[in-house]
Structure formats: C-alpha cells, structure tokens
Amino acid sequence: MKKILFAITCAVASITATAQENKIAVNAGFLFPSTLNATVGYERSFTYGNAVEVYGEIGNHWKSGEGQFWKGYYWDGGIIYKHRLHRYKNGSFRVRFGPQIGAVERKFFIGIEGGFEYNYVFQNGCEFSIIQKNNVNFLHGDTFRNGLMLGFKIPF
C-alpha cells in the first residue's frame, strides 16, 4: 500500500512540475494602422525562461464607410521563438521573433514577426502578458503592422 501511495504522489508531483511548461495563450489588441487583432497560441517553455509558441491569429484592417468594416480581414499563423532577456521576481521580459504565413483579402503572404513581451506570473501559475508586436509582410499591400496586445496564458 505504501508503494502505491508513493507512486501516486510521485505521479502527481511530476504532473505538477511539468504544468508550467505548456500554456495556452490568448491575446487581443490594436495594431497600427487601424487594425484589430486576436491571437490564440500554444507555448512550450524551455530552460532559462526561453520558449517557443505556435499561434494562429485573425485580424481586421477596417476601412471607413458604410459596410466596409469587415472588408480588410486577414488570418495567419506561425511560430515564434521567445528569448528571455531579464527575469524579475514574478515576471520576465522576452524578445520574440519568427516567420508567419497567411492571407489577406484572398491574397497569400509570408512575413516576419518581432517584438517584445512582458509576462507577470500569478501565484496559481496563470500569466498576464503585454506584447509589443511588429509585423513585416511580403507579397501584398498590407506590409507593416505594429502595436500593443494584452492577454493571458493558462497552464495545462
């Protein structure tokens, strides 16, 4: 009986120890020029606070005029490497960069994303994030997008 309880305790401890490695990230914010953006991603942490995130996002580059709001939508996805620059008591500051691919107004594009990210970790393991984001896209007219996004990350 002691061996079974010890095995269950070890299994729960190992699950708890790895819970901080995988997170679901949800972010939303405004990008310049006139763009709303929402992102959902899966983040995998590595040693020393570095991480990789696979994400998908959808946005809307709205235009003024009657019935023109949803005419400039886009979607894309990519992979981001996040390198930790500084660690605080309850947070971290990272630089983020990586490739992306997607479509806007039925035209495909490739691009590069870069920026900075600050994460504040709560006692339960959830994180609040502030992301400064810069996108450079090729093969269509919506070349540059940059702005600020707010979000949270939930460990699982």
Side-chain angles (χ1 to χ4, degrees), residues 14-64 68-156:
S14 68
I15 290 171
T16 305
T18 61
Q20 300 303 317
E21 293 181 1
N22 302 321
K23 297 178 184 78
I24 296 292
V26 178
N27 304 305
F30 294 100
L31 303 177
F32 179 81
S34 305
T35 305
L36 299 170
N37 192 1
T39 305
V40 176
Y42 168 76
E43 182 178 297
R44 172 85 175 156
S45 297
F46 298 122
T47 57
Y48 302 111
N50 300 329
V52 171
E53 180 179 351
V54 177
Y55 70 94
E57 70 181 345
I58 188 165
N60 183 25
H61 181 77
W62 74 82
K63 301 173 184 174
S64 60
Q68 296 291 316
F69 185 78
W70 290 109
K71 296 292 184 185
Y73 73 93
Y74 65 90
W75 60 268
D76 61 40
I79 186 166
I80 296 287
Y81 176 72
K82 301 175 181 182
H83 182 74
R84 187 190 68 173
L85 295 177
H86 193 43
R87 175 136 177 95
Y88 303 99
K89 181 179 179 183
N90 291 336
S92 65
F93 184 69
R94 296 175 176 164
V95 62
R96 45 186 280 140
F97 55 91
Q100 65 181 8
I101 186 168
V104 60
E105 297 175 4
R106 299 182 181 160
K107 298 176 187 171
F108 286 97
F109 66 86
I110 57 173
I112 299 170
E113 179 176 326
F116 297 98
E117 175 179 307
Y118 174 76
N119 295 313
Y120 181 82
V121 181
F122 295 105
Q123 190 172 10
N124 63 0
C126 292
E127 296 181 17
F128 172 74
S129 61
I130 300 173
I131 299 169
Q132 190 280 326
K133 184 175 184 174
N134 302 305
N135 289 11
V136 178
N137 301 318
F138 307 101
L139 306 177
H140 69 88
D142 191 18
T143 306
F144 298 106
R145 291 192 299 258
N146 55 5
L148 192 65
M149 299 178 66
L150 301 175
F152 58 92
K153 297 177 186 175
I154 302 170
F156 69 94

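The structure displayed is predicted, hence computed values, not measured ones.
Between Ala51 and Ser45, the shortest heavy-atom distance links the atoms CB-CA, 4.1 Å. Counting all heavy atoms, side chain and backbone alike, Asp76 lies closest to Tyr55 at OD1-CE1, 3.9 Å. In this structure, Gly49 and Arg84 approach most closely via the heavy-atom pair O-CB, 3.7 Å. Taking each heavy atom of Leu31 and Leu148 in turn, the nearest pair found is CD2-N, 4.2 Å. Between Phe144 and Pro33, the shortest heavy-atom contact is O-CD, 3.7 Å. Closest non-hydrogen pair, Gly151 versus Asn27, comes out as CA-OD1, 3.3 Å.
The neighbour count for Tyr42 OH, taken as heavy atoms of other residues, nucleotides or ligands under 6.0 Å away, is above 12. By the neighbour-count criterion of 12 heavy atoms within 6.0 Å, atom CZ of Phe108 is sparsely surrounded, having that number or fewer from other residues, nucleotides or ligands. Within a 6.0 Å radius of CZ in Phe122, more than 12 heavy atoms belonging to other residues, nucleotides or ligands are found.
Atom OH of Tyr118 sits about 8.0 Å away from atom OG of Ser92, to the nearest 0.5 Å. Interatomic distance, Asn135 CG to Asn37 CG, rounded to the nearest 0.5 Å: 7.5 Å. The distance from the CG atom of Asn146 to the OG1 atom of Thr35 is 9.5 Å, given to the nearest 0.5 Å. Summarising the geometry, atom NE2 belonging to His83 is positioned 8.0 Å from atom CZ belonging to Phe97; distances are rounded to the nearest 0.5 Å. For the atom pair NZ of Lys23 and CD1 of Ile154, the computed distance is 11.5 Å after rounding to the nearest 0.5 Å. Going from atom CD of Glu43 over to atom CD1 of Ile80 covers 11.0 Å, rounded to the nearest 0.5 Å.
By the ring pair (Phe, Tyr, Trp, His ring centres under 6.0 Å) test, Phe93 is found to be paired with Phe116, residues two or more places apart in sequence or in another chain being considered. By the side-chain contact (heavy atoms from CB on, under 4.5 Å) test, Ile79 is found to be paired with Val52, Val54, Pro99, residues two or more places apart in sequence or in another chain being considered.
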For this session: Report the C-alpha separation of Gln132 and Ile130 in whole Å, then their side-chain angles, then the decisive distance to 0.1 Å, and conclude whether the side-chain contact (heavy atoms from CB on, under 4.5 Å) test is met.
Result: CA-CA 7 Å; Gln132 190 280 326; Ile130 300 173; over 6 Å; no

Problem set entry | Verdict with supporting geometry, Asn90 and Gln123, side chain to side chain donor-acceptor pair (under 3.5 Å) | CA-CA 9 Å; Asn90 291 336; Gln123 190 172 10; over 6 Å; no

Exercise. Between Leu36 and Phe30, is a side-chain contact (heavy atoms from CB on, under 4.5 Å) present by the stated rule, with each step listed?
Worked result: CA-CA 5 Å; Leu36 299 170; Phe30 294 100; 2.8 Å; yes

For this session: Evaluate the side-chain contact (heavy atoms from CB on, under 4.5 Å) criterion for residues Leu150 and Phe128: first the C-alpha distance (whole Å), next the side-chain angles of each, then the deciding distance (0.1 Å), finally the verdict.
Result: CA-CA 8 Å; Leu150 301 175; Phe128 172 74; 4.1 Å; yes

Problem set entry | ring pair (Phe, Tyr, Trp, His ring centres under 6.0 Å) between Tyr48 and Phe46, intermediate numbers included | CA-CA 7 Å; Tyr48 302 111; Phe46 298 122; over 10 Å; no

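A salt bridge is defined here as a Lys NZ or Arg NE, NH1 or NH2 lying under 4.0 Å from an Asp or Glu carboxylate O, and Lys153 with Glu53 fails to meet this definition. In summary, Glu127 and Arg94 do not engage in a salt bridge, as defined by a charged side-chain N under 4.0 Å from a carboxylate O. Under the 4.0 Å criterion applied to side-chain N and carboxylate O atoms, Glu57 and Lys133 are assigned as salt-bridge partners.
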